[in-house]
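Please read the structure below before turning to the comments.
All heavy atoms count here, side chains included; hydrogens, waters and symmetry mates do not. Order of listing sets the numbers, starting from 1, for every ligand and every atom in it.
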Amino acid sequence: MAESYDFRSVEQRWQERWEREGTYRAANDDPRQKYYMLEMLPYPSGDLHVGHAKNYTLGDAIARTMRMRGYNVLHPMGWDAFGLPAENAAIQRGIDPATWTRSNIANMQRQVRLMGTSYDWSREIATCDPEYYRWNQWLFLRLYEASLAYKKEAPVNWCPQDQTVLANEQVIDGACWRCGHAVERRNLSQWFLKITAYAERLLADLEGLDGWPERTRTMQRNWIGRSEGVQFSFAVDGIASHLDVFTTRVDTLYGVTFLAIAPEHPIVAALRGIISKKNAAAIEKFAEGLTSKSDLERTSLMEKDGLFTGAYAVNPLSHERIPIWVTNYVLAEYGTGAVMGVPAHDERDFDFAKKHALPIARVIVAPGEEAEAPLTRAYVEDGRLIASGDYTGMSSERARTMIADRLNAMGIGTTRVNFRFRDWLVSRQRYWGTPIPIVYCEQCGEVPAPDDQLPILLPANVPITGEGSPLARDPAFMTTTCPRCGGPARRESDTLDTFFESSWYYLRYLDPHNTSAPWAQSLAAKWMNVDQYVGGSEHAVLHLLYSRFFYKFFHDRGWVSGAQEPFQRLFHQGMVLANGEKMSKSRGNVIGVDETAETNGVDAMRLFLLCVTPPEDTSDWTDEGINGRVRFLNRVWRACEPSLERARAISVRTLPPVSNAEEKALVRAVHIVAKSTIDEVTSCRFHFNTTIAKLDELVNAMTGSAQRMPDSPALHYAIATLPLLLAPYAPHVAEELWERLGHSTSVHLERLLEPDERALALDEITLVVQVNGKIRARIPVAPGISEEHAVALAHADVNVQSQLDGKEVRKRIFVPDKLLNIVVS
Ligand SMILES: [Zn+2]
Ligand SMILES: [Zn+2]
């Protein structure tokens, strides 16, 4: 009776040994081709469940496969350790954020190791370490010097729950991305990064990212929101000020029947001189009602509303007087804060005009259309112009050029490109983050901290109450001297958005202990860019956009070279449900990594996470499913264990002799698995679920053969090669079998089994190879083999090689499925 598989002792033993021997260390001076495999670094929230495990298991299977394909694989891990949950724990439970974070990191690091992942722990980082955030501050100062970091007062998103501002990208459907509370607007002086300076490049370079999910590229394109149009000004009756508008549809200029402006538009103050007191008071009241409304509420959720100011603008071409309205849906910070209203050709304007009984003037008709029945909805397509002065009869496209030229000639308009996205707001009024390295001096104003004062340490023992900025209440931190004049100064009390840290962490892994630079350029040149990135799709326009911006800045500074994009390929893994339901603490259905490892074993967990669906799909964790994987590993053990001694003599790099159909089928099953693994990584599909299904078939076949033909060399070959096939997915059992097969070095540093076409062939025919008409070889091949493939096999044959050596091939005669004759001189 075979001994049963004891996963607990096997898994623990190998994890300790891999760690002790540094099996997965990536050497910077390794001359082999590099492969940088990265999973998005986790936030240390406490405990890992099988949803997290799916992400790391997928990344690990890819890393292990690439390592076994002969690449020098860099596969690091670290912690996105600053941020609000630590501070909220401090508020709710009185725990120091640093203590909370450190203990969570320790626990999660233990759990990530428990999953048998092949990380190079010598490169581990935590973004809350002063050695890390020192370089965060250093990078902020470089952005500041390049005028890409600036402070300005602006209406910003405020989360009342988290008591801090948020970037536009962190407001999801009008709510805070972290806590879900409705976001308000406040006018505050905040730090911004000028990501919009990179708008064109961020957009254009998306084209080259064909290894990214198309959906994610589209989301970034839409978020950046490029539009080409004309910006021009309307004169305002009775005052000297102009109203600027931007439009992509200047061909509809004769159809403008109102101008819509934001109530915060600066022209409102100038209008007070020419409008009635009653109107002025009404506008003020209207504006007050909107101050705390978020962008989303104003542009999407609220009903479109407005108020006639009593003032008029003048259409620069038709000279018509156009009423000026303040509206809730035009935002001061987007575009010019004023929009021309063309009800006949814009849906929103159409609704607004209907509601407020404004005229609807049709100026575009569909090609071939003459009828001018009243519109029941806006006609938004291009067409032919009507009722448009000199431009009547032109196509929309031509009219756009002609009218733009005219406005340009009049000196009131220019063609330009607009972007929808705004600069990135990076200051936060919270404690647990990187202090912004700026001081304020009464004499000198805003002064950057000198590099030699970095890191500006986050002070310990600051009372955290959840109200106001904790750092601002710490006089020891706030009081400093001006680096420029030596006079009294105070520090910036805001900290950086944690997305600042995560925008460059992938470079710190290359050189985690560097004390003179965030990373050495030579190491960036060696390792970048990331070959395969794996993480959640929720970061499509957050982390993934910010990182691309940073990387382009680094490229401009010469700190990185090669590709201008940090992540060559990107994969979003699907989530894991528990018995059909979303896992949550409140439901009490979270499947933890610890319990699963203890009950079922890590290899079973890994196999199940990989086999249940393609990795991009949502998968469902079921008891039945995980038990199936436990049984699979027991079958593996039972099929191999009794014959391990005899399989020791087998060479895994040579096909065994086969003497019957069962043996042939068994060897073929081995190579089907080998081929599937390579296919899934070379195609970057990573559908290891199909590979594991083939592993199931192989192990079933081995189980049968072990009964029927225990002495078969084909069975012993399958046993000898199985660890190579299992290694990326079930690394512990693979290593255990490998050792018991008599190997003294790790299976994870071996080469994968190369799929052999001869083994894969369903049937074989014998191809006769002649050199100058003399038979030199008989090669078993698949029927229908191509000439090219036959030539390659012939040239690989030792006997043929010796006949060809040093001679020139003059001619080849190929008779399909029969003969290859090579004529040499
Ligand atoms: Zn919030
Ligand atoms: Zn000063």
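- Side chains of His572 and Glu538: no donor on one and acceptor on the other come within 3.5 Å.
- The nearest N, O or S atom of His181 is not closer to the Zn ion (ligand 1) than 2.8 Å.
- Residue-environment remark: CD (Gln443) stays at or below the threshold of 12 foreign heavy atoms within 6.0 Å.
- Computed with the Zn ion (ligand 2) at the centre, the Cys482 SG to Cys444 SG angle is 110°, stated to 10 degrees.
- Side-chain atoms of Tyr509 come within 3.5 Å of backbone atoms of Gly78 as a donor-acceptor pair (strictly under, hydrogens ignored).
- Around the Zn ion (ligand 1), the angle linking Asp162 (OD2) with Cys159 (SG) is 120°, rounded to 10 degrees.
- Cys485 contributes SG and Cys441 contributes SG; the angle these two atoms make at the Zn ion (ligand 2) is 100°, rounded to 10°.
- Between the side chains of Gln170 and Asp497, a donor-acceptor pair is found at a separation under 3.5 Å.
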